Amino acid sequence: RPPRSTLFPYTTLFRSLSTNCLDHEECIPLVKLTTTNNAKVKSAVWSLMVRVAEQTPELGLMFIASLNKDLVDPNPSVRSTAISTISCIEGLGEHAVPALFSGFGDSNPTVRISAVTGVGKLWRHSPTAVKDNDLIDELYSVLRDPDPTVVTFALQTLAFILEEDGGIVINLKMVSYFLSRLASYPPREFCGVVQYLHSVDRQEVETVLLLLNELDLFLDDKNGGVVLVVADLLVYITEIHSNLRLSLTSRLVPVLVKFIKTAKRDFLSDLLDFVLKLEEDYLKEFSKFDKVLVLKPKDEAGLKIKKIQFISRIADKENCQETLNLLLNLLPQTPSLNQSIIAAAARISQLDQNVHHNCLKNFKLLIKSDRKLYLELVMEAELNLEKCDCTETVKNLVETIFTNFSAPACSNTTVMKSVLGLLENFGHLYAMSPYVLEDIFQVDRTKWSVDMYECVLGAAYALFDHFPPAMQPIDRKSVV
């Protein structure tokens, strides 16, 4: 442990520098602290020197002797720090390259990781040095490193460097190699490698079949993270293969149902994020299972919203009325939950005509019970009134909306456009529709978009066909 007299000036200066209270040049004398045997102090001081060199690049050369000495230090932490530092400082490329190659061959995995990430640091300021010295090929070679963490960092660095060239390329030979080793990888490294297998050419059926066959057993893993990352990959690679996708659907959904029923809250949230991104054929498979998900009073708002979205996505014609009742009975909740419930109710109600009628009737009652709470939420939902075969139900809802709508109080452009759409398509069902449009003309229109004016004109022309005497003076106002 270094003496207090050494640590005190270092900690004081570092604290000052971190708050931008000190000129970088005042830190240069601190380079002498790199002679300490304390690896943590050495690492922090070199971090300071990197920042100094960013401000005064020519000073980087004065660090070479000390860094070269640290590169052969018996302590792997010191060697790692030296590789990382020399890779960061612009202008030291010719010194960094041999340091990186030395790091690749180091017996300590921490040092090899520093060499791998050092290539990415060198790339930031000297991409030519990386290309001219075949460091990208070297990173591909590192993918065969015996340490899975080194492999993961190599994949990350390659992805970063090759991003503008289309990303990392993983061929069938590499896939076979990774699959032969994945079973021995810890969960974190396993997940890291599998995520990069998205880079395979999924049009190659041989590659897709190999991944499906070899990764299938991991769908039964007890680690939810492992299952989720494998599921994500398999869904992606089978997306363009209809027969394989159909087979995966029947294999995957029961696995996901099991996890949904037993998962703890944090993982359940991630799991639902994944499920909600799946296509409809996967979600339809969920409807074959009873009580997949239960809404709990203690669930936090974000999780409740995801559960509501999931419930609405897996509803079918058989249970849509029951699901609609379940959702509407939850009201009222917080504003965000109310919005999710109304949107979900509107969505599932369209699975059946009778349920659609019932939903629209309930929306009418909600608006009448609390206009401020529910009117805009109903207007933001996908009502699809044109699909309702009961004119009386549509008429009653439209009248309720127009009666409770106040143009001067409406600042939501989505709601305003919805009202104008109702006026254009269903305004003829309400005798006072022209005056609803007249109220809209009274609001401030200086910030209206072209789309808004198109909606207004559409509503005005439609209403003129049904109410010519009432619309003539209103149309003149619209021109003004």
Side-chain angles (χ1 to χ4, degrees), residues 249-250 252-263 265 268-269 271-370 373-390 393-394 396-397 400:
T249 302
S250 59
L252 178 59
V253 170
V255 172
L256 295 176
V257 169
K258 178 182 177 182
F259 272 100
I260 288 174
K261 288 184 175 182
T262 59
R265 292 178 187 176
L268 179 57
S269 181
L271 185 56
L272 290 177
D273 283 336
F274 169 73
V275 171
L276 290 170
K277 293 177 183 177
L278 295 174
E279 297 294 335
E280 291 302 319
D281 51 340
Y282 286 96
L283 290 163
K284 285 182 180 178
E285 191 74 15
F286 279 98
S287 63
K288 298 178 181 179
F289 298 85
D290 294 330
K291 297 180 180 180
V292 176
L293 197 59
V294 178
L295 290 168
K296 299 179 181 179
K298 292 184 179 181
D299 288 336
E300 56 94 22
L303 181 57
K304 281 184 179 179
I305 289 174
K306 293 175 185 178
K307 285 187 173 184
I308 289 168
Q309 292 172 343
F310 174 76
I311 289 171
S312 70
R313 293 283 302 278
I314 68 170
D316 57 22
K317 190 177 178 66
E318 299 295 326
N319 63 20
C320 58
Q321 181 63 65
E322 179 184 354
T323 307
L324 176 67
N325 295 338
L326 169 67
L327 293 175
L328 294 179
N329 286 334
L330 294 173
L331 297 169
Q333 298 284 333
T334 63
S336 59
L337 275 171
N338 288 339
Q339 183 180 37
S340 295
I341 292 169
I342 296 295
R347 175 190 175 92
I348 65 170
S349 70
Q350 293 164 46
L351 295 170
D352 181 87
Q353 275 290 345
N354 290 329
V355 178
H356 195 194
H357 297 166
N358 292 336
C359 182
L360 297 180
K361 290 176 182 178
N362 277 286
F363 283 171
K364 180 191 73 172
L365 295 175
L366 288 172
I367 294 171
K368 285 186 173 182
S369 68
D370 194 330
L373 185 59
Y374 295 114
L375 177 61
E376 292 195 357
L377 297 180
V378 171
M379 293 305 301
E380 289 175 340
E382 296 180 11
L383 300 177
N384 287 332
L385 298 182
E386 69 280 358
K387 295 182 179 180
C388 181
D389 60 5
C390 180
T393 299
V394 175
N396 290 337
L397 178 60
T400 301

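Note that the numbering runs from 1 along the sequence shown for the chain. Because the structure is a prediction, the values reported are computed rather than measured.
Side-chain contact of Ser269 with Lys306: a donor-acceptor pair under 3.5 Å is present, judged by distance alone.
Here the closest non-hydrogen pair linking Asn338 and Gln333 is OD1-N, 2.6 Å. Annotation for Ala315 and Asn319: closest pair CA-OD1, 3.5 Å, computed over non-hydrogen atoms. Heavy atoms only, all atoms of each residue included: Lys304 and Pro297 are closest at NZ-O, 3.3 Å. Of all non-hydrogen atoms in Val253 and Tyr282, the two that sit nearest each other are CG2-O, 3.7 Å. Taking both residues in full, the closest heavy atoms of Gln321 and Asn358 are given as OE1-ND2, 2.9 Å, listed atom of the first, atom of the second, then distance. In terms of heavy-atom proximity, Gln350 sits nearest to Leu383 at NE2-O, 3.9 Å.
In this structure the side chain of Lys291 never reaches within 4.5 angstrom of the side chain of Lys261, judged on heavy atoms. Residues Leu295 and Ile311 meet the side-chain proximity criterion, which asks for heavy atoms closer than 4.5 Å. Annotation: side chain of Ile341 is not in contact with side chain of Leu377 (no heavy-atom distance under 4.5 Å). Proximity of Ile348 to Val355: side-chain heavy atoms (C-beta onward) are nowhere separated by under 4.5 Å. Using a 4.5 Å heavy-atom threshold, the side chains of Lys296 and Lys307 count as touching. When side chains are defined from C-beta on, Leu360 does not count as touching Asn396, because their heavy atoms never get closer than 4.5 Å. Taking 4.5 Å as the limit, some side-chain heavy atom of Phe363 sits within range of a side-chain heavy atom of Ile342. Within the 4.5 Å cutoff, the side chain of Lys284 has no heavy atoms near those of the Asp316 side chain.
When atom types are taken as modelled, the side chain of Glu279 and the backbone of Asp281 share no donor-acceptor pair closer than 3.5 angstrom. Side chain of Ser287 to main chain of Leu283: no donor-acceptor pair is present (N/O by atom type, distance under 3.5 Å, no hydrogens or angles). With Arg313 contributing its side chain and Leu278 its backbone, the two residues share a donor-acceptor pair below 3.5 Å.
Taking OG1 of Thr400 as the start and CG of Leu375 as the end, the distance is 10.0 Å to the nearest 0.5 Å. How far CG of Asp370 is from CG of Leu365: 13.0 Å, rounded to the nearest 0.5 Å. Interatomic distance, Leu337 CG to Ile308 CD1, rounded to the nearest 0.5 Å: 5.0 Å. Rounding to the nearest 0.5 angstrom, the gap separating the NE2 atom in His356 from the NZ atom in Lys387 is 8.5 Å. Once rounded to the nearest 0.5 Å, the distance linking CZ of Arg347 with CG of Leu324 reads 14.0 Å. Note that CD of Glu318 is 10.5 Å distant from CG of Leu351, once rounded to the nearest 0.5 Å.
Counting non-hydrogen atoms of neighbouring residues, nucleotides and ligands closer than 6.0 angstrom, the CD atom of Glu300 exceeds 12 such neighbours.
Considering Cys320, Cys359, Ser312 as possible partners of Ser349, the one that fulfils the side-chain contact (heavy atoms from CB on, under 4.5 Å) test is Cys359. Residue Asn362 is tested with Val378, Asn325, Leu328 for a side-chain contact (heavy atoms from CB on, under 4.5 Å); the sole match is Leu328.
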Trace of the side-chain contact (heavy atoms from CB on, under 4.5 Å) decision for Leu256 with Val292: CA-CA 10 Å; Leu256 295 176; Val292 176; over 6 Å; no

Stepwise side-chain contact (heavy atoms from CB on, under 4.5 Å) check, Leu293 with Ile314: CA-CA 11 Å; Leu293 197 59; Ile314 68 170; over 6 Å; no

Test log, rule side-chain contact (heavy atoms from CB on, under 4.5 Å), inputs Asp389 and His357: CA-CA 9 Å; Asp389 60 5; His357 297 166; 2.7 Å; yes

